[in-house]
Amino acid sequence: MREVRIHNTLGGHLVPLRPLSPPRVSMFVCGITPYKPSHIGHARAAIVYDVVAKFLRRVGYHVFYLQNVTDIDDKILRTATEEGRDWHTVSEENFESYLRAMQLLHVDSVNFYARCTDYIAEIIEQVRTLIEKGHAYASGGDVYYDVDTFPAFGALSGQRLEMLEAGVRVEVNPNKRSPEDFALWKGEKLGPRWSSPWGEGRPGWHIEDTAIAVNILGPRYDIHGGGMELKFPHHEAEIAQAEAATGKSPLASIWMHHNMLNMRGEKMSKSLGNVVSLDATLRRVSPEVLRYFLLSAHYRSPLDYAGEESLEEARRSLQTLQVVYARLRAQAGESLGGTFPREVQLTAGSRVYVRDLSEWIELVPRIYPADPEHQRGDRVEEDMMTALANDFSVREATASLFSFASEVHALLESRGPSLREEELASLVRPFVLATEVLGYFPREGTSGSNAPLAAAVELVIEARARAKEHKDFAEADRIRKALSEAGIEIEDTGRGTRWRIRS
RNA sequence: GCCGAGGUGGCAGAACGGCUAAUGCGGCAGACUGCAGAUCUGCUUUCCGGGGGUUCAACUCCCUCCCUCGGCUCCA
């Protein structure tokens, strides 16, 4: 299997992925706290790990991708109070809306979203274990993790306990033995609460991640992902909790941290009032354009959102690829004499039913003998896979695709109709990869059948062609403008008029 | 102050110890077109935060400084 190298925060180097039990790869990513509607920074995180999971599957790994949902926490309670609503309604509504956005964005690689409140029993059990093993203590209705019992605390983020103590702010919670100790369980008398051996209360901030991960993935798993701002203290706490509770180390073999989405140089955050709503953005641009933008910087680099112009640039860039892919598909459809799904002659006696382009391109090499002349796309696909295998270098993979776009245009121009089926199949491959792993193009079928629309547009284009024949260019331009206003762009070419839906 | 990430052409953003530093967007010119668009060709491009050092050779390795962003724990 292809070697995949990933930057591991633990150690700070690129390391080869060596799953604990190949071909399985277990992956945990810190999900959202649904206390407010999501912004596009949340989408960056989701898309980064969506690409990770999809790429690893593409390589051949069986990825189990788990994400938690912190559906009870201080911020949710505060929102509930402010808005005069039930905390549960707040978190569920925001989470549902997040999921709808994820669906639009083709973020469909997560196997399971685990809600904190569905794992209260497991959380209590883990806290109890930590107390039994001497890593935690109950105090004043709360339970705290005793950081001094875990020498490796700070190893992930390079923080040293002594330095932390020097920087600790004045107010120290009197229930804590040491200022760095963090709450595993918080006593609660009035708000939402569950009963526990230490009285009624609710989980601390970090514990649900380890209770969920250890219960579902086991004491050790392959990849842990999350935002850089969570490295300390959240991920340190996770390591301290899980490794102390299970006695197994390391909790995760590879720790991935993605960088922040900035708003004109500043972190996107509520207090600065510079949050860009995910829903609102998805009403302005296509999901593919947003994905393209959010993937336009490497995941470990900060990405700056400069407003409308950032999305506009992404839209224009992606359009270049969309145009060539649309041409290629049209040519393939024409050459193959139909669209998918369709029957394909496999051998003299056997036919198979092919649902879409991606099935077709897998099939074609089995029908035709391999000929390097007809495999231009295979080479580009390989380049893209190589780039992605190097710490998910999406931008580099995209650069290959752009270079390839020119090549495809030239080929279609010079010998479009004479391209052989196996050549076309190869040319399509890089675009299918970009669809399935990067999500640059909608999958076939996801946007519904366009057959009725296509028929209508063809009719209008015919009317315009007649106007052009009579040199009635005013009418021809009027039709073109009207279609454009309806979101359909048409282009006259030597071989008739093409049309596409503007993204 | 401490820890971490980043500073590349008009803009966005890659790579690699060594051919003219990718790719995209934008701009200009030409080809094509009734026009437009798409596409193609050329130009915009001698851009690697500053300063040291290692090396035959550094954007790439080391030191140092500057700037930007994030974190420094339940708390306003």
Side-chain angles (χ1 to χ4, degrees), chain A residues 7 9 12 73-75 77-78 142 144-145 147 154 156-160 162-173 175-176 179-183 186 202 204-206 227-237 257-269 271 292-293 295-306 309-310 312-324 326-327 387 390 393-406 408-410 412-414 468 471-474 476-477 480-481 484 489-494 497-500:
Chain A
H7 181 91
T9 305
D73 115 306
D74 293 351
K75 286 179 284 194
L77 296 177
R78 192 176 56 202
D142 302 333
Y144 293 95
Y145 190 97
V147 171
L156 179 72
S157 57
Q159 300 279 353
R160 281 209 298 280
E162 314 86 75
M163 297 312 302
L164 291 173
E165 285 181 38
V168 156
R169 278 74 181 275
V170 271
E171 285 181 60
V172 174
N173 184 330
N175 287 339
K176 292 181 177 182
E180 301 77 36
D181 292 353
F182 54 88
K186 305 162 95 161
R202 55 193 168 87
W205 174 28
H206 319 292
M228 279 183 177
E229 86 281 14
L230 296 177
K231 213 185 286 181
F232 187 92
H234 186 241
H235 293 156
E236 294 286 3
H257 286 99
H258 66 271
N259 217 135
M260 300 292 94
L261 179 71
N262 293 150
M263 178 74 173
R264 293 196 169 91
E266 288 176 313
K267 182 197 179 190
M268 189 171 284
S269 83
S271 52
Y292 181 91
F293 167 67
L295 288 171
S296 63
H298 185 84
Y299 75 91
R300 279 190 287 117
S301 302
L303 176 63
D304 198 69
Y305 177 77
E309 60 254 53
S310 294
E312 178 57 19
E313 186 185 328
R315 195 189 63 74
R316 288 191 185 133
S317 300
L318 186 58
Q319 184 174 285
T320 301
L321 296 175
Q322 285 170 336
V323 165
V324 67
R327 267 187 91 176
N390 182 30
S393 299
V394 172
R395 186 72 192 211
E396 211 189 326
T398 305
S400 299
L401 194 60
F402 270 108
S403 305
F404 185 55
S406 297
V408 173
H409 273 302
L412 290 176
E413 210 67 57
S414 60
K468 281 177 64 179
K471 303 281 181 207
D472 186 355
F473 295 120
D477 291 350
R480 182 168 61 196
K481 187 158 178 281
S484 174
E489 299 294 347
I490 62 173
E491 298 155 14
D492 297 327
T493 75
T497 300
R498 291 199 298 253
W499 65 278
R500 66 190 157 80

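Chain A is the first sequence line, chain B the second, and so forth, proteins listed ahead of strands; every chain is numbered from 1.
Annotation: rU45(B) and rG13(B) have their C1' atoms spaced 15 Å apart (nearest Å). Taking atom P on both rG24(B) and rC43(B), the two are 14 Å apart, rounded to the nearest angstrom. To the nearest whole angstrom, the two C1' atoms, one in rC61(B) and one in rU55(B), are 10 Å apart. Between rG10(B) and rG49(B), the two P atoms lie 14 Å apart (nearest whole Å). With both ends at atom C1', the span from rU44(B) to rU33(B) equals 25 Å, rounded to whole Å. Remark: the separation of the P atoms in rA57(B) and rC67(B) is 32 Å, to the nearest Å. rC65(B) and rG4(B) are spaced 14 Å apart, taking the P atom of each and rounding to whole Å. Nucleotides rA22(B) and rC47(B) place their P atoms 12 Å apart, quoted to the nearest Å.
Between the side chain of E236(A) and the backbone N or O of S157(A) there is at least one donor-acceptor pair closer than 3.5 Å. The backbone N or O of R480(A) lies less than 3.5 Å from no partner atom in the side chain of S484(A), so there is not a single donor-acceptor pair. Using modelled atom types, one side-chain atom of K176(A) and one backbone atom of D181(A) make a donor-acceptor pair closer than 3.5 Å.
The nucleotide whose nearest atom lies closest to any side-chain atom of R316(A) is, among rG26(B), rU73(B), rG70(B), rG26(B).
Here E491(A) pairs with R498(A), R500(A) under the side chain to side chain donor-acceptor pair (under 3.5 Å) rule; sequence neighbours left out. The side-chain contact (heavy atoms from CB on, under 4.5 Å) check on E396(A) picks up A387(A), S393(A), with sequence neighbours excluded. Here S406(A) pairs with nothing under the side-chain contact (heavy atoms from CB on, under 4.5 Å) rule; sequence neighbours left out. Under the ring pair (Phe, Tyr, Trp, His ring centres under 6.0 Å) criterion, H258(A) pairs with Y49(A), sequence neighbours left out. When the ring pair (Phe, Tyr, Trp, His ring centres under 6.0 Å) test is applied to Y305(A), the partners found at least two apart in sequence or on another chain are F293(A). Under the side-chain contact (heavy atoms from CB on, under 4.5 Å) criterion, A405(A) pairs with L321(A), V324(A), sequence neighbours left out. Under the side-chain contact (heavy atoms from CB on, under 4.5 Å) criterion, T320(A) pairs with F402(A), sequence neighbours left out. In terms of the ring pair (Phe, Tyr, Trp, His ring centres under 6.0 Å) criterion, H298(A) has no residue partners (sequence neighbours excluded).
Rounded to whole Å, the distance from NE2 on H7(A) to P on rG4(B) is 11 Å. rG6(B) atom C1' lies 7 Å from atom CG of N259(A), rounded to whole Å. Residue H258(A) contributes atom NE2, which lies 12 Å from atom P of rG71(B) at whole-angstrom precision. The NE2 atom of H234(A) sits 15 Å away from the P atom of rC74(B) (whole-angstrom rounding). Rounded to an integer number of Å, the gap from K176(A) NZ to rC75(B) C1' is 10 Å. Atom-to-atom, NZ of K231(A) to C1' of rC2(B) comes out at 14 Å; the value is rounded to the nearest Å. The CG atom of N390(A) sits 8 Å away from the P atom of rA15(B) (whole-angstrom rounding). Between the P atom of rC72(B) and the CE atom of M228(A) lies a distance of 15 Å, rounded to the nearest Å.
Residues M260(A) and M228(A) approach most closely at CE-N, 3.8 Å, considering heavy atoms. Between V147(A) and E180(A), the shortest heavy-atom contact is CG2-O, 3.3 Å. Considering every non-hydrogen atom in both S310(A) and D304(A), the closest pair reads OG-O, 4.0 Å.
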Checklist outcome for this item: Per-nucleotide protein contact along nucleotides 34-44 of chain B, 5' to 3', at a 4.0 Å heavy-atom cut-off (B base, S sugar-phosphate only, - neither), is BBBBSSS----
Checklist entry - Going 5' to 3' along nucleotides 7-13 of chain B, which nucleotides have protein heavy atoms under 4.0 Å from the base (write B), which only from the sugar-phosphate (write S), and which from neither (write -)? => result -----BS
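Taking the charged nitrogens against the carboxylate oxygens, D74(A) and R202(A) do have a contact shorter than 4.0 Å, which makes a salt bridge.
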Checklist outcome for this item: Note, RNA chain B 5' to 3' with Watson-Crick or G-U pairs under 3.5 Å encoded as ( ), [ ], | and . gives (((((((..(((.....[....)))((((((.......))))))....(((((..]....))))))))))))....
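Across all strands shown, N262(A) has heavy atoms under 4.0 Å from sugar-phosphate atoms exclusively, and none from any base.
Scanning atom types as modelled, one donor and one acceptor separated by under 3.5 angstrom connect the side chain of K186(A) and the base of rC74(B).
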Distances for protein N/O vs nucleotides 17-20 of chain B N/O pairs under 3.5 angstrom?
none

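Nearer the 5' end of RNA chain B, as judged by each residue's closest nucleotide, is the contact made by S400(A), out of G204(A) and S400(A).
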